[in-house]
Amino acid sequence: MFDLKAIRENPSDFDAAMARRGLEAQSHDILTLDEKRRAVQTALQTLQQERNEKSKEIGKVKAAGGDAQETMDAVSAIKDKMTALEDQDRDLGEELKTILSSLPNIMKDDVPDGADENDNVEIRTWGEPKNRFGANDCPEHYDIGEKLGMMDFETAAKLSGSRFVLLSSQIARLERAIAQFMLDTQTEKNGYTECSPPLLVSTDVMYGTGQLPKFQDDQFETTDGRWLVPTSEVVLTNIVREEIVEAESLPRRYTAFTPCFRKEAGSAGRDTRGMLRQHQFYKVEMVSITHPDESDAEHERMLKCAEGVLEALEIPYRTVVLCTGDTGFGARKTFDIEAWMPGQNAYREISSCSTCGDFQARRMNARFKAKGEKKTDFVHTLNGSGLAVGRTLIAVMENYYDPADGGVVIPDVLKPYMGGIEKIVKA
RNA sequence: GGACAGAUGGCAGAGCGGUUGAAUGCACCGGUCUUGAAAACCGGCAUGGGUUUAUAGCCCAUCCAGGGUUCGAAUCCCUGUCUGUCCGCCA
């Protein structure tokens, strides 16, 4: 959501920002509606003032035992005029909200221009992109997992349809170990507060982080009007919804390990094999609520927190800045971390760290106030994967695949979570 | 799921349909007093919007949300949401 005053003062800046998103100029339509609405409001308020004054008079006259019928009739007449204006005010307000809530966030100046993921800009790489045991034609994770007998897509399809998986035995445990390790890292090492949040949320909450109204088709809605979270960013960010928090309590850092549910409506045919793109997957999420002055530094910090997980797992990766054409709806700037996947011989996205500025905060009405200060302002919100658990499982399986026996070696940092297992092999 | 009770400013808590945007206490901020602090005393202290050069003034809205009754609603009526208590069911 946007500051109408800012658009009013600088319509061409707003249009330029939307142009970077590939959208037509919006300010003219917005400002026309805004002007109409303010005119209606001014007229309405004048009538309200008149009504209030006359009603008070009636009170006085009646208290003195007089007859106020004439004034009462006059107020009735005012009321009739007000109804039409009230309707107009409401309609114009809704129209305005419809437009504003469907427009994407304004991107930061340093986001590179570009059309799609091919124009993203690499900022660093870490590690040697190759399987650590020298496998030349490393199989993909589903081949490794199916040969081990611990990754079953057919049974999952029987249970739930496509884009689901049934993990079992030590691969199931490995997934859990990865999640535990990530959660411990984000809490103990990086200072995020662990949360175990609701996974079904209200429409307002989905609106607050920007999933609604525009991306309804990607979401699972329940029969009683709730929504399955597509990421715990939604819940963690909305913790401060409708709140005025003390500036001294910022930054607030939250993390959660939760399932994520997505329809993947727009990606039919993409990544159909394996568990890269599923309707349900686990993710450890990081969310930071910051003072506006601190969000840039927090963004860099969050990126390091995510990268640190891959470094601890010794999985090669590269980090990119998303270009304008690839940056998500709610973000002002996004870093993607792509893990090396030997089976695909490619880097694949495993984390996305975004700063949203005040975009979500405005939608949520989440503000802060300095102690003793009168003025409130919107907080900044950031979110990042720390990391996607399913994709990390893939990365571990392919990077730690041992061609000698088709097994998967357990990374050192995960060993404490694996109950003494050093390597997963076929039973 | 059933029955009852409730929802008021940062918190607690008053409030007869008519100068109530809202008593009072606490918290907070400023001041007096004090070497300093505490206490005491004095003053201030909601949010959003319109108008405006203005974070000045004026005006409007807001006492959970949305409708309604009325010349006038925190106060009356309806619906919804949430909270509490009891009953039922249950991991």
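The model shown is predicted, which means the values in this text are computed figures rather than measured ones. These values consider heavy atoms only, across backbone and side chains, with no hydrogens, waters or symmetry-generated copies. In what follows, every chain begins at residue 1, and chains take the letters A, B, ... in the order their sequences are listed.
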If the [atom1] atom of [N] is compared with that of [M], how far apart are they to the nearest Å?
| N | M | atom1 | result |
| --- | --- | --- | --- |
| B:A12 | B:A22 | C1' | 16 Å |
| B:C76 | B:U19 | P | 16 Å |
| B:G31 | B:G84 | C1' | 44 Å |
| B:A56 | B:G48 | P | 13 Å |
| B:C64 | B:A74 | C1' | 12 Å |
| B:A5 | B:C89 | P | 24 Å |
| B:C28 | B:C45 | C1' | 8 Å |
| B:G66 | B:G15 | P | 25 Å |

Looking at [options], which one has an atom nearest to any side-chain atom of [X]?
| X | options | result |
| --- | --- | --- |
| A:K62 | B:G48, B:C71, B:A61 | B:C71 |
| A:Q49 | B:G50, B:C59, B:G72 | B:C59 |
| A:S76 | B:A61, B:G50, B:C71 | B:C71 |
| A:R38 | B:G50, B:C59, B:U47 | B:G50 |
| A:T42 | B:U51, B:C71, B:A61 | B:U51 |
| A:K79 | B:G72, B:C60, B:G18 | B:G72 |
| A:Q45 | B:C59, B:U47, B:C71 | B:C59 |

Could you give the [atom1]-to-[atom2] distance, from [X] to [N], as a whole number of Å?
| X | N | atom1 | atom2 | answer |
| --- | --- | --- | --- | --- |
| A:L85 | B:G49 | CG | P | 21 Å |
| A:Q41 | B:A61 | CD | P | 12 Å |
| A:D204 | B:G66 | CG | P | 12 Å |
| A:M82 | B:A61 | CE | P | 8 Å |
| A:D377 | B:G48 | CG | C1' | 14 Å |
| A:L44 | B:U51 | CG | C1' | 15 Å |
| A:E86 | B:C60 | CD | P | 14 Å |
| A:Q48 | B:G72 | CD | P | 12 Å |

>> Please compare A:V75 and A:T46 by the position of their nearest nucleotide in RNA chain B and report the one closer to 5'.
In response: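 Its nucleotide being nearer the 5' end, the pick is A:T46.
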>> Go nucleotide by nucleotide along RNA chain B from the 5' end; which of A:D73 and A:E50 gets its closest nucleotide reached first?
In response: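 Looking at RNA chain B, the more 5' nearest nucleotide goes with A:E50.
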Any donor-acceptor N or O pair under 3.5 Å, side chains [X], [Y]:
| X | Y | answer |
| --- | --- | --- |
| A:H380 | A:S295 | yes |
| A:T222 | A:D224 | yes |
| A:S288 | A:E298 | yes |

>> Would A:K97 and A:Y207 count as a cation-pi pair here, with the cationic atom under 6.0 angstrom from the ring centre and within 45° of the axis?
In response: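 So A:K97 does make the cation-pi contact.
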>> Quick check with a 6.0 Å cut-off and a 45 degree axis cone: is A:R176 positioned over the face of A:Y417's six-membered ring?
In response: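 No - A:R176 does not lie over the ring of A:Y417 by the 6.0 Å and 45° rule.
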Please determine, for [N], whether a Watson-Crick or G-U wobble partner exists with both distances under 3.5 Å, and give it or none.
| N | result |
| --- | --- |
| B:U52 | none |
| B:G6 | B:C82 |
| B:G43 | B:C29 |

> Is the distance between the ring centroids of A:F359 and A:F2 less than 6.0 Å?
Replying inline: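 Yes, ring centres under 6.0 Å apart.
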Would you mind classifying the nucleic acid contact of [X] as base, sugar-phosphate or nothing, using non-hydrogen atoms under 4.0 angstrom?
| X | value |
| --- | --- |
| A:N52 | sugar-phosphate |
| A:R362 | nothing |
| A:T376 | sugar-phosphate |
| A:R367 | sugar-phosphate |

> Looking at A:R8, does any N or O in its side chain come under 4.0 Å of the phosphate oxygens OP1/OP2 on B:G50?
Replying inline: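 True: A:R8 side-chain N/O within range (under 4.0 Å) of B:G50 OP1/OP2.
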> Under 6.0 Å from the NZ atom of A:K147, do we count more than 12 heavy atoms belonging to anything else shown?
Replying inline: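 At most 12 heavy atoms, drawn from other residues, nucleotides or ligands, come within 6.0 Å of this atom.
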